Amino acid sequence: MKPDLFQAPDYYNIDELLTDEHRMVRDAAREWVKKEVSPIIEDAAQQATFPTSIVNGLAEIGAFGPYIPEEYGGAGLDQISYGLIMQEIERGDSGVRSTASVQSSLVMYPIYKYGTEEQRKKYLPKLASGEFMGSFGLTEPDHGSNPGGMVTNFKDKGDHYLLNGAKMWISNAPFCDVAVVWAKNEEGRIHGLIVERGMEGFTTPETHNKWSLRASATGELIFQDVKVPKENLLPGRSGLGAPLSCLDSARFGIAWGAIGAAMDCYDTALRYAKERIQFGKPIAGFQLQQKKLAEMLTEITKAQLLNLRLGQLRNKDKATSAQISMAKRNNVEIAINIAREARQILGGMGITGEYSIMRHMMNLESVITYEGTHDIHLLITGLDITGIPAFK
Ligand code: TGC
Ligand code: FAD
């Protein structure tokens, strides 16, 4: 793969709107990605393995629990810093960002928000340091967009719960130490349970042959009469709103992350277009290529501003779920379109692993589907503006 010469586009001087802390956190993540992720990520993707060697580094840049308070091992940062870290990591690879998103927003967040003090102390510091890796089990083979229909269930057996069912398409599943699993009790009410590797009847087979997110490990969570101690239930909230509130945090991170991937594609295409000579001049001098580049930068700039405003609202706890859906949907869509256009600017070279663009493009095919599909986020906006749910 080519050396990482990334220069971040910032057409509207958005840097000026960030605090010193934001810039410091962002720059540290950017440097770490250049040094530790870029040199190894293409091989990891080609070999379809999650590069475990970067786990410690992810912990050091604060990617595991950026906004979780320091007393639990988190970085104690604000939402904009969280977004900037996700942006920089996904600039490297969406699969690496996935690992960080799941660990932070889908495992640490529910334990922090809905767990007991004992659960927080037991799990959060180890998750923040990367000693424990986590996964989040909501999706099932027959219940993806409609998680409320889940059939995974647990029964009260006096001194423990008995958990049965299966989750599918679970990031980090093959190597997770703990899984936050959403299951129905005997009354059909959804609760979160912390399931630990080693519990009898709990297995995590890997999903192979993915063309997308190849540097992220995806698998199943299978529960066959798993005895879960009663103290592993998250008591703070039940119902579908509990997992969906975790998704709000992860979707926010994706809105920022996708722009990282888009920035990388744009920057790569711009550099290539200025260097590649055809018909006696750089292809950057042809109007058709300039149109592509100008439109990419316009969309990136709009999305950067959307993210910043959403981050300000999140910092005040004022962002609605529908606002987060709009940003996730918009930013992933523009990122995938930018990846496709950037790939064309590189001509044949664009399909090789010499450049990051094709990997980003394939990764974004997962990003546009997980954490709520493109269609589902549109329907969430539709519901918000009309008051009429069109899901069913
Ligand atoms: P609905 O009746 O609308 O809502 C049920 C209850 O949930 C509440 N609620 C929310 N609460 C917090 N945050 C949100 N975003 C919420 N959205 C809804 C709602 O108020 C209600 O509460 P209550 O108290 O009245 O019961 O539910 P529905 O069954 O009609 O479904 C709505 C829909 C379709 C929007 C929802 O099911 C949905 O978002 N589906 C998409 C599923 C999804 O996003 N799955 C993601 C799985 S995790 C994943 O993909 C990780 S990838 C990680 C990575 O690698 O980065
Ligand atoms: P379906 O729900 O079957 O949807 C298929 C199509 O139908 C989509 O185009 C969808 O938009 C459309 N559709 C569905 N319902 C409607 C409707 N009401 N109106 C209009 N159109 C509709 N899940 C987890 O729980 N944890 C994870 O860590 C996780 N990681 C993932 C990693 C990867 C790589 C992938 C690909 C997925 C992951 N997921 C995870 C699952 C992901 O959240 C689901 O794939 C997603 O929610 C969609 O569910 P589905 O694949 O079953 O598609």
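Owing to the predicted nature of the structure, the values given are computational and were not obtained by experimental measurement. Order of listing sets the numbers, starting from 1, for every ligand and every atom in it.
Among all protein heavy atoms, the one lying closest to atom 45 (N) of ligand 1 is Leu247 CD1, 3.8 Å. Protein heavy atom in closest approach to atom 42 (C) of ligand 1: Gly144 O, 3.8 Å. Residue, atom and distance of the protein heavy atom nearest to atom 6 (C) of ligand 1 are Gly241 N, 3.9 Å. Closest to atom 51 (C) of ligand 1 among all protein heavy atoms lies Glu371 OE2, 3.5 Å. The single protein non-hydrogen atom nearest to atom 32 (C) of ligand 1 is Phe391 CE1, 4.3 Å, given as residue, atom name and distance. For atom 29 (O) of ligand 1, the closest non-hydrogen atom of the protein is Leu240 CD2, 3.6 Å. For atom 13 (N) of ligand 1, the closest non-hydrogen atom of the protein is Asp248 OD2, 3.4 Å. Looking only at heavy atoms of the protein, atom 18 (C) of ligand 1 is closest to Leu244 CD1, 3.3 Å.
Using a 4.0 Å cut-off between a side-chain N of Lys or Arg and a carboxylate O of Asp or Glu, Glu42 and Arg359 qualify as a salt bridge.
Within the 4.0 Å heavy-atom criterion, the part of Ile380 lying near ligand 1 is the side chain and not the backbone.
Remark: among candidates Glu90, Lys392, Arg251, His377, the nearest residue to atom 39 (O) of ligand 1 is Arg251, based on non-hydrogen atoms.
At least one heavy atom of Pro147 sits closer than 4.0 Å to an atom of ligand 1.
Taking any N or O of Ser321, backbone or side chain, at least one lies under 3.5 Å from an N or O belonging to ligand 1. The shortest N or O to N or O distance between Thr139 and ligand 1 is not below 3.5 Å. At least one N or O atom of Ser145 sits closer than 3.5 Å to an N or O atom of ligand 1.
When distances from atom 25 (O) of ligand 1 to the protein are checked, no heavy atom turns up under 4.0 Å. Under the 4.0 Å distance rule, the nearest protein heavy atom to atom 48 (S) of ligand 1 falls inside the cut-off. Atom 56 (O) of ligand 1 is flagged as protein-proximal [any protein heavy atom, distance under 4.0 Å]. For atom 16 (C) of ligand 1, the nearest protein heavy atom lies under 4.0 Å away. Distance check for atom 11 (N) of ligand 1: a protein heavy atom is found below 4.0 Å. Protein heavy atoms are absent from the space less than 4.0 angstrom from atom 20 (O) of ligand 1.
Annotation: cation-pi geometry satisfied between Arg91 and Phe6 (NZ/CZ under 6.0 angstrom from ring centroid, within 45° of ring axis). Because its NZ or CZ atom is not both nearer than 6.0 Å to the ring centre of Phe252 and within 45° of the ring axis, Lys328 does not count as a cation-pi partner of that residue.
In this structure Tyr112 satisfies the ring pair (Phe, Tyr, Trp, His ring centres under 6.0 Å) test together with Tyr72, sequence neighbours excluded.
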Working for side chain to side chain donor-acceptor pair (under 3.5 Å), residues Lys210 and Thr218: CA-CA 9 Å; Lys210 291 182 299 171; Thr218 313; 2.7 Å; yes
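Listed by number with element, the atoms of ligand 1 under 4.0 angstrom from any heavy atom of Ser171 are 54 (C), 55 (O).
Criterion: ILVMFWY side-chain heavy atoms under 4.5 Å apart, direct or through other members. Under it, Leu293 and Tyr12 are part of a common hydrophobic cluster.
Near ligand 2, residues Phe136, Leu138, Thr139, Gly144, Ser145, Trp169, Ile170, Ser171, Leu213, Ser366, Thr369, Tyr370, Glu371, Thr373, Asp375, Leu379, Phe391 each place a heavy atom inside the 4.0 Å sphere around the ligand atoms.
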